[in-house]
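Report on the following structure.
Scope of the values below: all heavy atoms of this structure, side chains included, with no hydrogens, waters or symmetry mates. Chain letters run A, B, ... following the sequence lines, proteins first, then strands; residues in each count from 1.
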Amino acid sequence: MSVLVYTEHTEGKFKKSAYEAVSYAKAVADLIGTSVTAVTIGTVAPADLATLGNYGATKVLHVSSEQFAQFINQAYASVIAAAATHVDANVVIIANTFSGKGLAPRVAAKLEAALADGAVELPQFEGDKLNIKKTAFSGKAFAITELTAPKKVIALNLNAFEVRESGGSAAVEEFKPEVPAGDFTAVIKDIIRITDKVPLPDAEIVVSAGRGLKGPENWAMIEELADVLGAATACSKPVSDAGWRPHSEHVGQTGIAVSPNLYIAIGISGAIQHLAGVSSSKTIVVINKDPEAPFFKVADYGIVGDAFEVVPKLTAAIKAYKGN
Amino acid sequence: MNILVCISNVPDTTSKITFSSDHTSPNTNGIQYIINPYDEIALAKAIDLTEGTDGKVVVINVGEAATEATIRKALAIGAHQAVRVDAVPRDAWFVAHQIAMYAKNNPFDIILTGRESIEYNGTQVAAYVGELLGIPSVSIAKRIDIEGDRAIVEREIEGGKEVLSIPLPLVVGAAEGVAEPRIPNMRGIMSARTKPLEVIQPTAVPELSHIVKYESPEPRGSVTLVSADDVEQLVDLLHNNARVI
Ligand SMILES: Cc1cc2nc3c(=O)[nH]c(=O)nc-3n(C[C@H](O)[C@H](O)[C@H](O)COP(=O)(O)OP(=O)(O)OC[C@H]3O[C@@H](n4cnc5c(N)ncnc54)[C@H](O)[C@@H]3O)c2cc1C
Ligand SMILES: Nc1ncnc2c1ncn2[C@@H]1O[C@H](COP(=O)(O)O)[C@@H](O)[C@H]1O
């Protein structure tokens with residue numbers, strides 16, 4: 001019995017979601033009195049691999065074979081399932097990133113494990129079963145799910161569990177699983193990285209704007225505010241539908257669900273479909289000229305005012321604060 | 001080219017979600033059901049790809065008889081025929097088995113799902129079906145093009161995008177950008193009534209998990225308003241009270 005955590009990286013660097021997943025795995029392992037093994041696929045420097053120990057992994061299985069240099073979900077799922085069998089894992093943790101979502105069901109199916117997707121809390125064990133809270137109805141509710149199969153896969157939502165440093169160290173071991181040749185039929189033709197912007201799904205601060213901004217030409221002030229905060233930018237659905245902003249920025253029930261520490265909504269009315277995707281943000285700030293805008297009902301802080309006046313002032317005030 | 005489109009029947013996006021008094025089931029009274037918005041995108045893509053060819057679009061739903069209104073809407077939008085697996089869609093694992101079983105007996109070039117159902121948000125069915133059939137899957141696709149016997153699929157990654165070339169058959173979960181949803185026209189609505197809708201029996205699937213209870217999110221406290229002339233106060237509150245900057 002043990003806990004296995006898959007630690008995703010981008011070009012050799014782990015992101016916060018990987019550290020969250022390891023911290024969570026450690027907390028799960030503590031609940032059942034076992035240890036955490038991490039599995040990392042693709043080239044990562046030994047020193048970076050060893051940092052996983054700081055978050056609670058005691059062992060890292062590193063799959064560095066050139067064959068796995070690129071993310072092919074079929075092949076990666078086979079590797080993770082093989083690693084789970086190798087360390088006799090009864091619980092497998094995967095961060096619910098875009099790639100993680102394509103992996104978790106495949107891993108679960110291979111292990112005949114029960115899958116909890118979108119977990120937001122630690123599970124509660126009861127003998128061989130566990131209960132876990134996960135999002136449902138696009139953020140309008142949670143479902144407490146009982147996983148009864150002997151093996152469990154938990155896909156952990158981003159920003160749902162804090163990173164915990166435990167100061168430990170991890171032994172790195174090369175892992176060479178056998179993976180069927182049929183897993184490699186997909187070919188990655190191109191990867192386009194947007195490096196000058198904070199990615200939306202794992203952003204800690206999100207600055208979001210809606211139709212109140214009137215047109216795409218007015219987004220400079222939104223980007224400037226995001227810049228000073230180190231935030232990602234987002235938008236409401238009509239804004240991306242109109243082509244003012246790319247679809248990848250659209251948040252809400254039919255867009256990306258985000259749960260940053262701070263969500264700033266500017267010129268967004270707060271329709272139920274928009275709120276569904278953002279309501280689990282820890283703190284919500286609303287800037288809207290209409291005091292009756294529904295968004296104020298779910299906001300922590302609000303400014304009733306014209307975005308074109310308030311936003312530049314706010315940017316300046318944050319700049320001044322950061323300068324101190 | 002024949003395409004299977006998986007459609008789920010979900011509460012209208014404006015629905016307020018409430019639960020029975022013991023919180024074990026969602027209240028369905030007064031709820032309007034619709035085709036899952038992402039599945040409408042998948043369906044539109046399937047029609048785009050087969051229009052003017054002899055290819056067929058089959059929609060499949062795992063659900064009880066009440067979902068037939070939703071299935072007829074998919075036929076009105078332009079699917080050629082429909083299949084309903086007569087069962088309560090217990091969870092994604094169960095649903096995926098039903099879809100995989102049907103697709104095993106009736107091979108398709110592409111199986112399209114939505115990126116997630118707005119009900120359970122699992123993003124599970126596409127990858128499960130891929131795994132059960134032993135074929136590639138992309139769970140969240142922003143673009144799908146067909147080039148000969150391969151699909152060119154663009155998927156989002158944190159901080160960018162990735163373009164894959166994948167041999168058919170495959171399973172793809174459609175997200176926004178894949179196609180423009182279509183609205184049924186009068187002719188579609190008329191012809192939907194006579195298009196074939198086959199009802200088949202489910203295969204048994206062992207249960208691995210089940211929902212024991214639902215919870216609604218904690219309501220937030222009331223909003224603290226700050227004057228538009230005093231944005232410094234907001235910065236102060238965000239730093240000292242909320243501790244988020
Ligand atoms: C099936 C379905 C799915 C949907 N999914 C989503 C989704 O995922 N995400 C989403 O966002 N929407 C979604 N919607 C759309 C949703 O219902 C709303 O229409 C949308 O969220 C409104 O966007 P908005 O707030 O930007 O625009 P509006 O509703 O037009 O609101 C604009 C706001 O800006 C304010 N404003 C105007 N000028 C200024 C100014 N100068 N300064 C400050 N404030 C100003 C106004 O007071 C108003 O509150 C969906 C709808 C449907 C039917
Ligand atoms: N009951 C169902 N019948 C047919 N297809 C379904 C059903 N439930 C989910 N799907 C498909 O699977 C996709 C993803 O659902 P989920 O994995 O539950 O988020 C949906 O967008 C549908 O295409």
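- Within a 6.0 Å sphere centred on CD of B:Glu207, heavy atoms belonging to other residues, nucleotides or ligands number more than 12.
- Using a 4.5 Å cut-off between heavy atoms, B:Leu234 contacts chain A through its side chain alone, with no backbone atom that close.
- Residue pairs meeting the ring pair (Phe, Tyr, Trp, His ring centres under 6.0 Å) criterion with at least one member in residues 123-182 of chain B, sequence neighbours excluded: B:Trp93-B:Tyr128.
- Heavy-atom distances place the side chain of B:Ser139, and not its backbone, under 4.5 Å from chain A.
- No side-chain donor-acceptor contact under 3.5 Å links A:Thr185 to the backbone of B:Pro167.
- With chain B as the partner, the residue from A:Ser281, A:Ala232, A:Pro291, A:Pro246 showing the most heavy-atom pairs under 4.5 Å is A:Ser281.
- For a residue to count as touching a neighbouring chain, one of its non-hydrogen atoms must lie under 4.5 Å from one of that chain's; by this rule B:Pro219 does not touch chain A.
- Of the atoms belonging to B:Ile140, it is side-chain heavy atoms, and not backbone ones, that fall under 4.5 Å from chain A.
- Residues of residues 24-38 of chain B that come within less than 4.5 angstrom of chain A, heavy atom to heavy atom, are B:Pro26, B:Pro37, B:Tyr38 in numerical order.
- Using a 4.5 Å cut-off between heavy atoms, A:Asn261 contacts chain B through both its backbone and its side chain.
- Side-chain atoms of A:Thr148 come within 3.5 Å of backbone N or O of B:Leu208 as a donor-acceptor pair.
- Only the backbone of B:Ser222 comes within contact range of chain A, with heavy atoms under 4.5 Å apart.
- Residues passing the salt bridge (Lys or Arg N to Asp or Glu O under 4.0 Å) test with B:Arg143 are B:Asp145, B:Glu154, sequence neighbours excluded.
- Counting all heavy atoms, side chain and backbone alike, B:Val235 lies closest to A:Ala317 at CG2-CB, 3.8 Å.
- Remark: the B:Arg243 side chain and the A:Thr283 side chain contain no N/O donor-acceptor pair separated by less than 3.5 Å.
- If you check the side chains of A:Gln253 and B:Thr13, you find no donor sitting under 3.5 Å from an acceptor.
- Using a 4.5 Å cut-off between heavy atoms, B:Leu170 makes no contact with chain A at all.
- When each of A:Lys189, A:Lys140, A:Glu146 is scored by its heavy-atom pairs under 4.5 Å with chain B, the top score falls to A:Glu146.
- For A:Asp241, the part lying near chain B is the side chain, with the backbone staying farther off; criterion is any non-hydrogen pair under 4.5 Å.
- Among residue pairs with one or both ends in residues 303-324 of chain A, those qualifying as ring pair (Phe, Tyr, Trp, His ring centres under 6.0 Å) are A:Tyr321-B:His239; sequence neighbours excluded.
- With respect to chain B, the highest number of heavy-atom pairs below 4.5 Å among A:Asp300, A:Ile284, A:Leu147 belongs to A:Asp300.
- Interface remark: A:Ala113 contributes backbone atoms only to the contact with chain B (heavy atom separation under 4.5 Å).
- One N or O on the side chain of B:Glu158 and one on the backbone of A:Phe98 form a donor-acceptor pair closer than 3.5 Å.
- Both the backbone and the side chain of A:Lys101 come within contact range of chain B, each with at least one heavy atom under 4.5 Å from a heavy atom of that chain.
- Looking at A:Lys313 and B:Asp229, a side-chain N of the basic residue comes within less than 4.0 Å of a carboxylate O on the acidic one, giving a salt bridge.
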